[in-house]
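Shown below is the structure under consideration.
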Amino acid sequence: MEMKDLIEAGKTAIGIEFGSTRIKAVLVDETGKPLAEGGHTWENQYVDGLWTYSLDMIWDGLQDAYAGLKKDVSEKYGATLRTTGALGFSAMMHGYMAFDKEDNLLVPFRTWRNTVTGEAAAELTKAFGFNIPQRWSIAHLHQAVLNKEPHVPDIAFFTTLAGYIHWQLTGEKVLGVGDASGMFPIDSRTRNYNAEFLAKYDTIVGGLGFNWKLSEILPKVLVAGEAAGTLTSEGAAKLDPDGELQAGIPLCPPEGDAGTGMVATNSVAVRTGNVSAGTSIFAMIVMEHALSEVHEEIDVVTTPVGDDVAMVHCNNCTSDINAWAGIFRQFADAIGAPVDTDKLYTTLFTAALDGVPDCGGLVGFNYFSGEPVTGFYEGRPVFARKVDADFSLANFMRLNLYSAVSTLKVGLDILLKGEGVKVDQLFGHGGFFKTKEVGQRIMSAATGGPITVMETAGEGGAWGMAVLALYMAAAKDVSLSQYLNQTIFAGEEGTTITATEEEIEGFNRFMETFKKALPIEKAAIEAL
């Protein structure tokens, strides 16, 4: 069949992901090959002390990204996008969207970026004997309970951003197990919410007079491959106000960006892992066995099929690099030598490889927001250097790349050295790895092992979501890992880079300075 006919016959899948700075829509064929895409840039808003996106921003962004996809399909293939074989939505995990029985949003969407739930997270971690990070939806709910917020008695349903979009388009209050594992702990044996912890939570709030139990207001958990409803007429109109998109398209379970990252890097099998490095940075390793003790620096979430994953999540990664790149751009403009974005970043990143392995006496913190891994609940970007430091562009850029991964290194050391978690392959994806070799070499120096980047890694979470949609539509006689190996990644090995011993030792020396300098960050928060 001609590509136009394939598209119009629905021999495709669509994945749409809401990232923290970009909404991306991707159309793929039945082998996972990307055919077209659309996108929308957005930024969170800081309103009344909380990071949020408004409902108008969510729907305007979704419709714009989908419109871009339709336009790309039309321009490339002369086809009109009216249907697809399967559709899936993903979004940044965690956060809090609470609704009453009339489906009204009770308070503005509270994103993963908010670090205001420390009291609740600590109380639940102690009660469950299981780490509950501040980002998790249950921490947001319980903090609202502790704060006696007036909306809490009226809650009939709460979910994540991906769960909200899916619900609005299908009428189904469901969530993929990976995204659900960032709402409330999952029992990997049952692939469902931990029943013991659910009962404990109902006991904790039992005397407060709420007319709900936790299990009644959480979305239903589904695993990859299961059907999760179909696009309604109302949903089709919400996604495509032009009215061209047809109802009835099957949807797969909505997932979180961690799960789509695992799929996009083929790291859903035991002893594989991935590092996603963009606005935030997190590493995920699929574990052979449970952790020996609770670590507040380590989250336990799941793959899209419900296997336990150890996750080190840090709120800050590339934002400070972007800020410094903006300064260099302004300088280039000021001297009459404007530079395009790709050249700017490639030049700066590549310069870092010429820096000395320990950054030559430079240190910095890229904390725009808090970092619970190192004990900070606010952030201030800081750059400091010794008087006799080797202050060069190469060392300065190396420092900025080191700073972007240093907090992750703190958590990974607990996991790999302290807990002895084994990982055979670690895959990288995200903007940090876009410049050839540089991000991989820096990350390898931080982890002490090889880092692989697949050719498809640049496709990102929206592509991973489209693959999950394909998997649901495919035969059910293979596991997700088998499907990825046999259909999506067959023959693809990617590029692997291992840092030198000198680079690894240099990073470790830098980390000694980084840890000693943490009081500088504390002072900056107190003073600024």
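What you see is a predicted model; the values in this text were computed from it and never measured.
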(message) Looking only at the side chains, is there a donor atom on one of Glu244 and Thr80 sitting less than 3.5 Å from an acceptor on the other?
(response) no

(request) Could you tell me whether the side chain of Leu81 reaches within less than 4.5 Å of the side chain of Tyr66, counting heavy atoms only? (result) yes

(request) Would you mind reporting whether Leu480 and Pro304 have side-chain heavy atoms less than 4.5 Å apart? (result)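 Side-chain contact under 4.5 Å: yes.
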
(message) I want to know whether Phe184 and Phe128 have ring centres closer than 6.0 Å.
(response)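 Distance test on ring centres: under 6.0 Å, yes.
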
(message) Looking only at the side chains, is there a donor atom on one of Ser267 and Gln425 sitting less than 3.5 Å from an acceptor on the other?
(response) no

(request) For side chain to side chain contact (heavy atoms under 4.5 Å, CB included), just list the numbers for Leu218 and Leu198, CA-CA rounded to whole Å, side-chain angles, deciding distance to a tenth of an Å, and then say yes or no. (result) CA-CA 10 Å; Leu218 281 163; Leu198 285 174; 3.9 Å; yes

(message) Quick test of your reading of the model: are Glu288 and Arg271 salt-bridged, counting only N-O distances below 4.0 Å?
(response)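 Yes, this pair counts.
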
(request) State, yes or no, whether a side-chain contact exists between Tyr193 and Ser215 at a heavy-atom distance under 4.5 Å. (result) no

(request) Would you please test Thr260 and Glu17 for side-chain hydrogen bond (donor to acceptor under 3.5 Å, both in side chains) and show each step? (result) CA-CA 9 Å; Thr260 59; Glu17 180 160 284; 2.6 Å; yes

(message) Hydrogens and angles aside, do Thr31 and Asp29 bring a side-chain donor and acceptor to less than 3.5 Å of each other?
(response)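 Result is yes, a qualifying pair exists.
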
(message) Can a side-chain donor-acceptor contact be found between Tyr471 and Thr487 if the only test is distance below 3.5 angstrom?
(response) no

(message) Whether the side chain of Thr232 engages the backbone of Leu169 through a donor-acceptor N/O pair (distance < 3.5 Å, no angle test) should be reported.
(response) yes

(request) State, with a plain yes or no, whether a side-chain heavy atom of Leu50 is found less than 4.5 Å away from one of Val107. (result)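 Side chain of Leu50 against side chain of Val107, heavy atoms only: no contact under 4.5 Å found.
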
(message) For the backbone of Val300 and the side chain of Asn131, can you confirm whether one donor and one acceptor N or O come within less than 3.5 Å of each other?
(response)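 No, because the side chain of Asn131 does not come within donor-acceptor range (under 3.5 Å) of the backbone of Val300.
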
(request) Using modelled atom types only, decide if a donor and an acceptor are shared between the side chain of Glu371 and the backbone of Phe376 within a distance under 3.5 Å. (result)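 Absent.
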
(request) State, with a plain yes or no, whether a side-chain heavy atom of Glu196 is found less than 4.5 Å away from one of Asp187. (result)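 Side-chain contact under 4.5 Å: no.
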
(message) Testing Ile217, Thr159, Ile155 one by one against Phe99 for a side-chain contact (heavy atoms from CB on, under 4.5 Å), which residue passes?
(response)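 Among the candidates, only Thr159 passes.
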
(request) Please examine the side chains of Met465 and Cys252, heavy atoms only from C-beta on, and report whether any two atoms are closer than 4.5 Å. (result)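 Yes, close enough: below the 4.5 Å cut-off.
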
(request) Using the side chain to side chain contact (heavy atoms under 4.5 Å, CB included) rule, take His140 and Phe158 through it: C-alpha gap first, then chi angles, then the decisive distance, then the call. (result) CA-CA 11 Å; His140 283 279; Phe158 79 120; over 6 Å; no

(request) Please answer whether the main-chain N or O of Leu470 pairs with a side-chain N or O of Glu30 as donor and acceptor at a distance below 3.5 Å. (result) no

(message) Taking the basic N atoms (NZ, or NE/NH1/NH2) and the acidic carboxylate oxygens, is any pair closer than 4.0 Å for Lys238 and Glu234?
(response)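 Salt bridge between Lys238 and Glu234, a charged N being under 4.0 Å from a carboxylate O: no.
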
(message) Is there a side-chain contact between Leu415 and Leu291 in this structure, where contact means two heavy atoms from C-beta onward sitting under 4.5 Å apart?
(response) yes

(message) Any non-hydrogen side-chain atom of Phe365 less than 4.5 Å from a side-chain atom of Asn316?
(response)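 No, every pair of side-chain atoms sits at 4.5 Å or beyond.
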
(request) Would you please say whether a donor-acceptor pair under 3.5 Å links the side chains of Asn44 and Thr111? (result)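 The answer is no; no qualifying pair exists.
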
